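Reviewing the structure listed below.
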Number of protein chains: 2
Amino acid sequence: MNEPFARLESVNPLPPPAAPGMTVTDVDTPALLLDLDAFEHNLTQLSQSLRGFDVRVRPHAKSHKCPAIALRQIAHGAVGVCCQKVSEAEAMVNGGVGDVMIANEVAGASKLARLAALARTAKISVCVDDIANVAELDQAARAAGIELTVLVEVNVGANRCGVEPGEAALALASAITKADALRFGGIHAYHGAAQHLRTPQERGEAIAQAVAKVQQTLTLLERNALHADIVTGAGTGTYLLESASRVYNEIQPGSYVFMDADYGRNLGDDGQPVQAFRQSLFILATVMSQPVATRAVVDVGLKAHSVDSGMPTVCDVAGARYLKASDEHGVIELSGPGKLALGDKVRLIPGHCDPTVNLYDWLVCYRGERVEDIWQIAARGAFY
Amino acid sequence: MNEPFARLESVNPLPPPAAPGMTVTDVDTPALLLDLDAFEHNLTQLSQSLRGFDVRVRPHAKSHKCPAIALRQIAHGAVGVCCQKVSEAEAMVNGGVGDVMIANEVAGASKLARLAALARTAKISVCVDDIANVAELDQAARAAGIELTVLVEVNVGANRCGVEPGEAALALASAITKADALRFGGIHAYHGAAQHLRTPQERGEAIAQAVAKVQQTLTLLERNALHADIVTGAGTGTYLLESASRVYNEIQPGSYVFMDADYGRNLGDDGQPVQAFRQSLFILATVMSQPVATRAVVDVGLKAHSVDSGMPTVCDVAGARYLKASDEHGVIELSGPGKLALGDKVRLIPGHCDPTVNLYDWLVCYRGERVEDIWQIAARGAFY
């Protein structure tokens, strides 16, 4: 890994909260738990659900930030992984992943130099949505003596990054082909806002619109003798739609390995929550205070889960509800038959897996009641 | 530091995003910036505002998690620091702090063993709100051959941890005095919910009620020949009220060193935002995409700031508003005269300082336009 500035005294990361062989109830808290049976089901379920579709799988590693998981995804047929940041990609390459697409723009000379350096030892591709960025990328690739594969990011409805479909995308693709050290790789068309639309009708309409925008762009590119090898996008909420489109040929779901409370609210055709993937990710909490019978306070607050998509769900305790989070505390209301007592350990399902995983250095992998392995979340905090 | 389980391969933390001597605009992003002039103003301002009050200052280190800051607070007269977690206290003691109060309950044998071990090399105190926890604490202290100072946490309105004022507090204090290896240290009465009440009237009423509950408890204790040496509480929003109460003799403000967008919404007697402390903490972001003139996308999303208290404020760009955050992106709406372009760096004021600081390993300290120092956030992720 390229280290631009000297490391100072290093006390982090803290040691893991568990060791293989111990029982889950002995794990120190807060801890991030991975149910290996559910996780392995999810790996297999993704492959099985894609039978008959002609798409490559390149899971997004921003969800797990863990090379041990990336290698298992690749063993299940993935062609590589997506990352969002150069430092995240560095952690993946260090961990043994040989093919990384940065599904995002990278701006600034120092980051681009690191990106180009990484392309000396792994297959690296990256997205652009700005002509000035094409020139920067070309310069960095030439300086490193490598060729970079560059995809054009197209805005298909998320209104975040990406040029508009059609002429703007064509202009960027042309600029890439004209650059000395860049190769036009295709189209990045991820509809992030569609992933958590609750009904299959809403998700279907959003992706149908995205597919039309991509198709329109591809037609224009072909008319100008430009071929997009890769057409990529899709997340856990919509990947079957992109896979069935015959327009996308690569998909990048991330959350499917873990799932979270927010994804648990997506509905299927029967009006019930979609159940294809199982919840494998949990936070283990300890009741550290119980001032009154109807209130248990756990040691898992804002520094141990992200509340951007709502509060965590309490497992295994009937009627228990995680009511509010402060920095180091979570208040659980016990209004049902389920009880908790001081020192009890309780599993929570985080509201949103990605930013929650980023708070932890270690993933405690268990099967049944036994801790089987500890995996490092090597790209924790890798946001450069 | 006590390490219950073996360290595995260690790649974290990532190197710092800057080095002393460089200019702020050359700092890699996302980065957490500390304006040293504003920070030093805040240290002095706290001391000056307390002239004439008979209270000790024990700032809460959960806000900064940084021994370099704790030592500067102590140099400005603080008697030590508060922590919320044993691992946080370990990081502070390792960093040279000799007196730590855990302003929180600690449950479970392994954490209590580490707490007691820490009391061999530093002055350590801790809170309880449960009779069973008193017995656990006594056992851990006896096993370590030390005496622990224990405060009774009283619920003065936050409805989180803490026993009710009066008889319940007396029962716990009595149990502590009867335990072989524990010393009754006093009352912990922090009203967290009062800190962000917007008007001085609301904050005044909340703290008046808290003071009455503490006074009632102290009277009952004295009647039973129990003396509370320490009566502690207060945060940045209310500390002048507790200091003026003549009931509290120790205060534990934390956020005052940094401030944040949420504290910036607290009003003073004149109906204007309170301005005693200056904003010293910023996140430096880079514009990584600007698909349309009215939208700039920065590289600072949910993994680089906490949204629990709202979105960050954009500095230095008139009319700019941080609209929404996704995992690695922040969308800034440019509806005013201020402009941004690809590659521009922009400072943000985080919505809530504590959980935001916990996302970073390094604090980039600057004065004017020049980086002066890099401080490690040594207790980042220290939630055990």
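Numbered from 1 within each chain, the chains take letters A, B, ... in sequence-line order. Just so it is clear, the structure is predicted and the values come from calculations on it, not from any experiment.
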Check: Between A:R295 and B:R160, is there a donor-acceptor pair closer than 3.5 Å when you use the side chain of the first and the backbone of the second?
Finding: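 Side chain of A:R295 to backbone of B:R160: a pair is present.
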Next item on the list: Look only at the side chain of A:K85 and the backbone of B:D299, and say whether a donor-acceptor pair between them is shorter than 3.5 Å.
Entry: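 Between the backbone of B:D299 and the side chain of A:K85 there is a qualifying donor-acceptor contact (under 3.5 Å).
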So which part of [X] gets closer than 4.5 Å to some heavy atom of chain B, the side chain, the backbone, both or neither?
X      : result
A:V287 : backbone
A:V163 : neither
A:A341 : neither

[X] side, atom [atom1]; [Y] side, atom [atom2] - distance, nearest 0.5 Å:
X      : Y      : atom1 : atom2 : answer
B:D129 : A:L342 : CG    : CG    : 7.5 Å
A:S289 : B:N104 : OG    : CG    : 8.5 Å
B:S326 : A:K62  : OG    : NZ    : 7.5 Å

Measure distances from [X] to the heavy atoms of chain A and classify the residue's part below 4.5 Å as side chain, backbone, both or neither.
X      : value
B:N133 : both
B:Q84  : side chain
B:N358 : side chain

Please rank [options] by heavy-atom pairs under 4.5 Å with chain A and give me the top one.
options                        : value
B:H329, B:K345, B:E136         : B:H329
B:N155, B:V300, B:D354, B:T286 : B:D354
B:D130, B:D327, B:V128         : B:D327
B:E105, B:K324, B:E328         : B:E328

Item checked: Crowding at CD, A:E333 (>12 non-hydrogen neighbours, <6.0 Å) ->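 Yes, CD of A:E333 has more than 12 neighbouring heavy atoms, counting only those of other groups under 6.0 Å.
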Counting heavy-atom pairs under 4.5 Å to chain B, which of [options] comes out on top?
options                        : value
A:H352, A:E164, A:E153         : A:H352
A:P355, A:S306, A:G301, A:A325 : A:P355
A:V307, A:V292, A:V297, A:L302 : A:L302

How close do [X] and [Y] get, counting heavy atoms only, and between which atoms?
X      : Y      : value
B:P291 : A:G162 : CB-O, 3.4 Å
A:Y384 : B:P17  : OH-CD, 3.3 Å
B:T29  : A:K111 : O-NZ, 2.7 Å
B:L14  : A:G381 : CD1-O, 3.6 Å
B:M288 : A:A107 : CA-CB, 4.0 Å
B:L359 : A:F383 : O-CE2, 3.8 Å

Margin query: salt bridge (charged side-chain N to carboxylate O under 4.0 Å, His left out), that's the test. Do A:D308 and B:K303 meet it? Break it down for me.
Written below: CA-CA 11 Å; A:D308 65 275; B:K303 293 177 187 169; over 6 Å; no
